[in-house]
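The structure appears below as structure tokens.
Hydrogens, waters and symmetry mates play no part in the numbers below; they use all other heavy atoms, side chains included.
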Amino acid sequence: MSFTTQDLWREFRSSHMGMAGIIILGTLILISCVTVLAIPLETFQGWSNPNNWLYYPKAAVPGWTNLFLPEAIPEHMILDDSVTYTDSAGGITLHSDIFTINYKYDDFPGGFIYEYTAEYTGAPLLTMSVLRPDDTLLNILSMPLPPSDSETTHTEKIFSTDLAIYKNLLLHSNEFDHTIDGLSAESIIFSDSTIHEPLDGRYVFTVNLYGSQGDAIQDSILVIDGKAFGIMGTDELRRDLVVGLLWGTPLALFIGLVVAIGSVTAGLIYGVYAGYKGKLTDESLMRFNDVIYALPALPFLIILAVTISNSIFVMIGFLMIFGWVGIAKVSRSMALQIKTRGYVEAAQMMGQSNTAIIFRHIIPQLLPYAFASIAISVPAAITTEAGLSFLGLGDPSFPTWGHILYDANTYGAAARGMWWWIVPPGMMIALTGLAFVFIGNALDAIVNPRLRR
């Protein structure tokens, strides 16, 4: 039974399974479009560059988990909206950089980072202090900047692990009723003065630059290292997992569709040509097909990825090489039936070339079967790429779901209870495969006469 595109769509719409697959696939396509348009390409390109994720927390749980926990986990804060203040007196210019945060958590933060860019001449003095909610003023740091006889630009990162910060904070030990020896700098700053527990309230961090006229802090950022961040949390390498999950969607669709379309197209043309030509051509082509079909695909893919390249594009090429043989067998058997029909014989009698007959009269009859085969082949391509990436043979420069799972396995995410690093990419792989399985099964039920009966 032959189908037109209209007939195929009419029957497909009556399949609840097929329409469910279309809805899921449409959602994935929408996510892919939003990802490409909304997330900067630099974020995608810098997925494997640790410097791009320096300001993010390490192994942080998703921020929404605080809604279900009895104790509030400190959320990660990246502050780049400081209030600046400038004053001059006695030939000395004071430039102040002020950050204000409201701390309301039941645990201490993991530390802090202050990065700044200062323009100055001479050797100005940089100080850092914090006014706590109990009105206690703690001096965190005091240091001169590198001297310069000409106007210079100086960029530096100050970490809470700096020994000078710890020594300065120890000078305030008499202002605490509990001992602060051995505590981290962030624990001292955010600790209640009477008991070693977090002190909630308003904290004002002030960075002062004492120098000459024109000296100023141009760009600055204060990062309070939390233990909860974003929608999907972060991994051990501080990467925002929601970025990897979102970019993994268009990558998965690209890999699956390119491999499926390429392999089905090649197999369709190969099988139809073999079936139409028949005799020695058919025999030799199908014996070659049997040789490829007998090769174990996964071990060969592993060997090729190790010896040649683990580029994602090379992997796509290898997947297409091993993916066309099955459709070639099916399309050959169909071509053997179609070539005996009257319109094919009429085309031969009219002197049409073999190529014209194949592409005008035989292949169009097989398009519904090709669509079903493409839909069914996509999940296999996606899971194969995910499996290779999970084994460490994928392209590390691309944030595919398989590579995210590989990193999770490498850093022992399961043993450490980091479910947010494992469950979301696994669910996305399963959901994407489910969409194409629904669509493929619905199409197969329409175009397969045995299933229609």
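- The shortest distance between side-chain heavy atoms of Ser88 and Gln213 falls below 4.5 Å.
- Contact record, Met315 with Leu393: CE-O, 3.8 Å, taken as the closest heavy-atom pair.
- The two residues Pro109 and Ile224 make their nearest non-hydrogen contact at CB-CG2, 3.9 Å.
- Between Tyr105 and Tyr103, the two ring planes are perpendicular [angle over 60°; tilted spans 30° to 60°].
- In this model, no donor atom of one side chain and acceptor atom of the other lie less than 3.5 Å apart for Asp407 and Thr410.
- At least one side-chain heavy atom of Phe12 sits under 4.5 Å from a side-chain heavy atom of Leu443.
- No option in Thr153, Asp219, Thr155 other than Thr155 meets the side-chain hydrogen bond (donor to acceptor under 3.5 Å, both in side chains) test with Thr117.
- A salt bridge does not link Asp235 with Lys58: none of the charged nitrogens is closer than 4.0 Å to a carboxylate oxygen.
- The distance from the OG1 atom of Thr400 to the CZ atom of Phe390 is 12.5 Å, given to the nearest 0.5 Å.
- Between Phe44 and Trp247, the ring planes lie tilted relative to each other; the angle falls in the 30° to 60° range.
- In this structure, the side chain of Ser377 does not engage the main chain of Ala260 through any donor-acceptor pair within 3.5 Å.
- Side chains of Glu385 and Trp401 form no contact here, defined as non-hydrogen atoms less than 4.5 Å apart.
- Between Tyr270 and Phe288, the ring planes lie tilted relative to each other; the angle falls in the 30° to 60° range.
- Counting only heavy atoms from C-beta outward, the side chains of His154 and Tyr116 approach each other to under 4.5 Å.
- Using a 4.0 Å cut-off between charged nitrogen and carboxylate oxygen, Arg416 and Glu236 count as a salt-bridge pair.
- Aromatic ring pairs are classed by plane angle as parallel below 30°, tilted from 30° to 60° and perpendicular above 60°; the pair Tyr114 and Phe99 is perpendicular.
- Side-chain contact of Asp177 with Thr194: a donor-acceptor pair under 3.5 Å is absent, judged by distance alone.
- With hydrogens and angles left out, the side-chain atoms of Ser82 and Asp97 include a donor and acceptor closer than 3.5 Å.
- A distance below 6.0 Å separates the ring centres of Phe108 and His196.
- No hydrogens or angles considered: nothing links the side chains of Thr35 and Ser32 as a donor-acceptor pair under 3.5 Å.
- Between Gly267 and Ser331, the shortest heavy-atom contact is O-OG, 3.2 Å.
- Proximity of Ile98 to Thr84: side-chain heavy atoms (C-beta onward) are nowhere separated by under 4.5 Å.
- Counting heavy atoms from C-beta on, the side chains of Val61 and Met418 never come closer than 4.5 Å.
- A pairwise comparison of heavy atoms in Trp47 and Ile404 identifies CZ2-CG1, 4.2 Å as the closest pair.
- The shortest non-hydrogen separation linking Ala216 to His95 is CB-ND1, 3.7 Å.
- Taking the six-membered ring for Trp and the full ring otherwise, Tyr203 and Phe190 have centroids separated by under 6.0 Å.
- For the residue pair Ile302 and Leu388, the shortest heavy atom distance occurs at CG1-CD2, 3.8 Å.
- Once rounded to the nearest 0.5 Å, the distance linking CZ of Phe398 with CG of Leu251 reads 7.0 Å.
- With a 4.5 Å cut-off on side-chain heavy atoms, Thr86 and Leu94 do not count as touching.
- Put simply, the side chain of Pro425 reaches to within 4.5 Å of the side chain of Leu245, judged on heavy atoms.
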